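Presented below is the structure to which this report refers.
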2 protein chains.
Amino acid sequence: MFTGWVTNTLDAKGRLAIPARFREVLAQKGDERLVVTASDKCLVAYPIEEWNALIEKVAKLSQFNPKVQDFRRYFVSSGTEYSLDRQGRILIPSSLRETAGLTGQVQLVGMQSNFEIWDKDRWLQDRERIRQDFGDLSSVMAELGL
Amino acid sequence: MFTGWVTNTLDAKGRLAIPARFREVLAQKGDERLVVTASDKCLVAYPIEEWNALIEKVAKLSQFNPKVQDFRRYFVSSGTEYSLDRQGRILIPSSLRETAGLTGQVQLVGMQSNFEIWDKDRWLQDRERIRQDFGDLSSVMAELGL
DNA sequence: CCACTTTTCCCCACTTTCACCCACCAGGAC
DNA sequence: GTCCTGGTGGGTGAAAGTGGGGAAAAGTGG
């Protein structure tokens, strides 16, 4: 399980160190490869296994539903496999860096089965938005049975 | 499987380098030929094998259904076979270049069994449109069981 | 049918990017 | 203090991408 918030820096070559804690999760799965994909405000990283499970589900949806097409074109298409280098980093290609607005400081956010990669400033803003919303959020959770 | 986003440039002669990662997929199939055809906003490239499978399916549809006719006229008829040159490029004929509005910068988008060829600006616009819609998209995905 | 232009293909050369390796620095444990 | 670990930065050779010259092929017009 990926948990917690970590701030790392993206170096000039576009490399990002994966926190040791996250690497251990991968090591336990016996497969250190990651799939990184673009979401609307950030990037999302999945262990291969999790990603494949997701892809299979998408493959079963109607391929002619325009929403599904858009989802595939944006979210699925950007998903590419990366291996860690000897220092436990991945190289994030410029197209994904641009999409997610990654600059210097990067926030990694554990989301249990996967983790998100945010531009730090954007993360701080979004966190603030969620905080404002929290009261409302709580009632939705209650409705969902939590 | 073709995955990920790659930006390459179309040179003055209309040649486009196929990313090495995509070429490997073709090499694994043992057939480096590609069929490129026009879709509504971009071009689509298929490995021969995939294209033939598609054609066979279309052949089974009613030849007198006007919609099928249009589909064949536009999508199927424009499909032409291209081989890679020694540098791993294909020459995109001017008719297809115009249709897809390809200028300098070109975006290649991996769509698993095939890949799309977009004019970069047009791609950015379309991506932005999808991104705006992402919240809505996500809820549709949730409804569909994702 | 022939001359001419345009397009296509093949080759070579240059530039940029990437994968790999090593080195450094900061902080915590001993 | 030293040792270790985690994160950061940089050099280097190979690979990928880019651009252009020139011969062959195809298309065009008289």
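Chain letters run A, B, ... following the sequence lines, proteins first and then strands; every chain starts at 1. What you are looking at is a predicted structure, and each value in this text was computed from that prediction instead of being measured.
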Review point. What does A:Leu84 touch in the nucleic acid at a heavy-atom separation under 4.0 angstrom: a base, only the sugar-phosphate, or nothing?
Key: nothing
Review point. Quick one: is A:Arg23 getting a side-chain N or O under 4.0 Å of the D:dG7 phosphate, OP1 or OP2?
Key: yes
Exercise for review: Consider only side-chain N and O atoms of B:Arg72 and B:Gln63, and report whether a donor and an acceptor are under 3.5 Å apart.
Suggested key: yes
Check your understanding: When you match B:Arg21 and A:Leu10 each to their closest nucleotide on DNA chain D, which lands nearer the 5' end?
Key -> A:Leu10
Review point. Looking at C:dC9, C:dA19, D:dT18, which one has an atom nearest to any side-chain atom of B:Leu91?
Key: C:dC9
Exercise for review: Find the distance B:Ile92:CD1 to C:dC9:C1' and express it as a whole number of Å.
Suggested key: 16 Å
Point to revise | Exercise: do B:Thr9 and B:Gln105 side chains pair donor with acceptor under 3.5 Å | key: no
**Study point:** Nucleotide nearest B:Ala20 (side chain, heavy atoms from C-beta), chosen from D:dG17, C:dT8, D:dG7
**Key:** D:dG17
**Study point:** Steps toward side chain to side chain contact (heavy atoms under 4.5 Å, CB included) verdict (B:Leu54, B:Tyr46)
**Key:** CA-CA 10 Å; B:Leu54 184 67; B:Tyr46 295 83; 3.9 Å; yes
Study note, to complete from the structure: Winner on side-chain proximity to A:Gln87, out of C:dC21, D:dT12, C:dC9, is C:dC21
Point to revise | Charged N-O contact under 4.0 Å between B:Glu24 and B:Arg21 | key: no
Check your understanding: What is the nucleic acid contact for B:Leu16, judged by heavy atoms within less than 4.0 Å: base, sugar-phosphate only, or nothing?
Key -> nothing
Exercise for review: Answer with base, sugar-phosphate or nothing: what part of the nucleic acid does B:Asn8 contact at a heavy-atom distance below 4.0 Å?
Suggested key: sugar-phosphate
Check your understanding: Looking for any heavy atom pair under 4.0 Å, which part of the strands does B:Pro93 touch: base, sugar-phosphate only, or nothing?
Key -> nothing
**Study point:** Value in whole Å for how far the P atom of C:dC20 lies from NZ of A:Lys13
**Key:** 13 Å
**Study point:** Min side-chain heavy-atom separation A:Asp126-A:Lys41 under 4.5 Å
**Key:** yes
**Study point:** Side-chain donor/acceptor contact of A:Arg15 with base of D:dG7 under 3.5 Å
**Key:** no
Check your understanding: Quick one: are B:Leu10 and B:Arg97 in side-chain contact, heavy atoms under 4.5 Å?
Key -> yes
Exercise for review: May I ask you to verify whether the side chain of B:Arg89 and the base of D:dG19 hold a donor-acceptor pair under 3.5 Å?
Suggested key: yes
**Study point:** Any-strand Watson-Crick or G-U partner of D:dT12, both distances under 3.5 Å
**Key:** C:dA19
Practice item. Indicate whether OP1 or OP2 belonging to C:dC11 is found under 4.0 Å from a side-chain N or O atom of B:Arg86. Key: yes
Review point. Would you say B:Thr9 reaches D:dG19's phosphate, i.e. side-chain N/O to OP1/OP2 under 4.0 Å?
Key: yes
Practice item. Measure the distance from CG on A:Asp85 to P on D:dG9 and round it to the nearest whole Å. Key: 14 Å
Review point. Given atom CG of B:Leu108 and atom C1' of D:dA16, what is their separation to the nearest angstrom?
Key: 14 Å
**Study point:** Whole-Å distance separating the CD atom of B:Glu81 from the P atom of C:dC9
**Key:** 12 Å
Study note, to complete from the structure: Separation of D:dG7 atom C1' from A:Gln107 atom CD, nearest Å, is 15 Å
Practice item. Ignoring the backbone of A:Pro19, work out which of C:dT8, D:dG7, C:dA13 is nearest its side chain. Key: D:dG7
Exercise for review: Check the distance between D:dT18's P and B:Ile18's CD1 and give it to me in whole angstrom.
Suggested key: 11 Å
Practice item. Please work out if A:Asp11 contacts a base, only the sugar-phosphate, or nothing of the nucleic acid, heavy-atom cut-off 4.0 Å. Key: sugar-phosphate
